[in-house]
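Each remark here refers to the structure printed beneath this line.
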Amino acid sequence: MKRLLLRPCILGVSTLSLSGCMAMGMCGMEHGAAHQEQHASKAVFEEAHLGDVTVSLEVPPLSVGIESTLSVKVSHISSGEPVSGAKVTVAVSQLTPPAGHHPATLFEGRAEEGTTRGTYSVKHAFAEQGPHDIVARVWVDGGDKSATPVTVAATQEVHQHKDSKGRMDVMPMGILYGAGMGLLMALMMGRFLF
């Protein structure tokens, strides 16, 4: 009689354990896909030259609502020496504005030289997702408006930040689910062993 009851119980435990493994696997797959999507965007580097000056613009991966640092490096081509005291502005505009809006400059600010000579940066938090144009203009002589600035532009995609959707992290949920399944299996097996 016990043997007759043991088979359905083993089948039931196997089914439950497999469904637990399947749930854990699905949680892992979802987490992996989100992780992969988050790193799909890479930093963008663009460079422009005018005379003996080279200007490099670096735009990191961008997320909605997260403040990002846009960096501009200015140096002499012949010597490689960094250029200090330049006037650097950075402008941001959205390539595909929301319906009913016209393309416009969303942000324009002056990039300040940091502790590293020839490296200028400005911080900006992007409000909308989608492709954005970032344009840096550099006046090497410090701001003579009659001089021609060195202009460099880059396009970078702004992605929706994963945490802003309020999603619960699936890893702790999967661990709890697996622990619950283990406890259920132990209870079922203990009942028939004792």
Side-chain angles (χ1 to χ4, degrees), residues 31-99 101-171:
H31 184 266
H35 182 72
Q36 190 176 34
E37 184 179 321
Q38 185 176 18
H39 293 290
S41 182
K42 300 212 184 294
V44 173
F45 298 91
E46 292 294 336
E47 197 172 85
H49 308 281
L50 183 63
D52 185 43
V53 175
T54 184
V55 174
S56 302
L57 171 63
E58 179 183 352
V59 181
L62 305 172
S63 293
V64 173
I66 303 295
E67 189 173 65
S68 300
T69 302
L70 310 171
S71 300
V72 179
K73 292 181 182 176
V74 185
S75 60
H76 291 286
I77 295 172
S78 57
S79 66
E81 285 292 313
V83 175
S84 259
K87 178 183 177 185
V88 180
T89 63
V90 176
V92 175
S93 58
Q94 194 170 13
L95 282 179
T96 54
H101 292 86
H102 297 289
T105 300
L106 301 173
F107 167 79
E108 187 162 2
R110 183 164 181 171
E112 298 296 328
E113 190 170 14
T115 55
T116 306
R117 283 185 55 222
T119 301
Y120 303 80
S121 61
V122 65
K123 294 183 182 283
H124 179 65
F126 291 79
E128 298 286 332
Q129 66 184 37
H132 284 68
D133 265 338
I134 295 94
V135 178
R137 289 183 182 81
V138 177
W139 289 267
V140 177
D141 60 4
D144 179 8
K145 289 290 187 180
S146 63
T148 304
V150 181
T151 303
V152 62
T155 300
Q156 178 69 298
E157 186 78 24
V158 178
H159 296 281
Q160 185 67 37
H161 183 62
K162 297 299 173 199
D163 294 339
S164 67
K165 289 185 177 182
R167 279 193 215 159
M168 183 177 172
D169 189 8
V170 294
M171 194 57 111

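Please read all numbers here as calculations on a predicted model, not as lab measurements.
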What is the minimum heavy-atom distance between S63 and V158, and which atoms define it?
C-CG1, 3.9 Å
For the atom pair NZ (K123) and CG (L70), what is the distance rounded to the nearest 0.5 Å?
9.5 Å
Please check if any side-chain donor atom of H49 sits under 3.5 Å from a side-chain acceptor atom of T54, or the reverse.
yes
S121: side-chain hydrogen bond (donor to acceptor under 3.5 Å, both in side chains) partners, not counting sequence neighbours
none
Can you find a pair of side-chain heavy atoms, one from P149 and one from V140, that are under 4.5 Å apart?
no
Contact check, side chains of V150 and V74, non-hydrogen atoms, under 4.5 Å:
no
Measure the NZ-CZ distance between K73 and R117 for me, rounded to the nearest 0.5 Å.
14.0 Å
Is a donor on one side and an acceptor on the other found under 3.5 Å between the side chain of Q129 and the backbone of E157?
no
Looking at Q156 and A43, what are the two nearest heavy atoms and their distance?
NE2-CA, 4.2 Å
With rounding to the nearest 0.5 Å, note down the distance linking NZ in K87 to CD in E112.
11.0 Å
Quick check: closest heavy atoms across G51 and I77, and the distance to 0.1 Å?
O-CD1, 3.7 Å
Spatial distance of atom NE2 (H132) from atom OG1 (T155) [nearest 0.5 Å]
11.0 Å
Drop me the distance from D52's CG to E81's CD, to the nearest 0.5 angstrom.
11.0 Å
What is the minimum heavy-atom distance between V135 and A153, and which atoms define it?
CG2-CB, 3.9 Å
State, yes or no, whether a side-chain contact exists between H76 and V83 at a heavy-atom distance under 4.5 Å.
yes
Would you check if Y120 and V138 make a side-chain contact, meaning some heavy-atom pair closer than 4.5 Å?
no
Working to the nearest 0.5 angstrom, can you tell me the gap between I134 CD1 and E46 CD?
10.5 Å
Are any of the side-chain heavy atoms of S84 and E113 separated by less than 4.5 Å?
yes
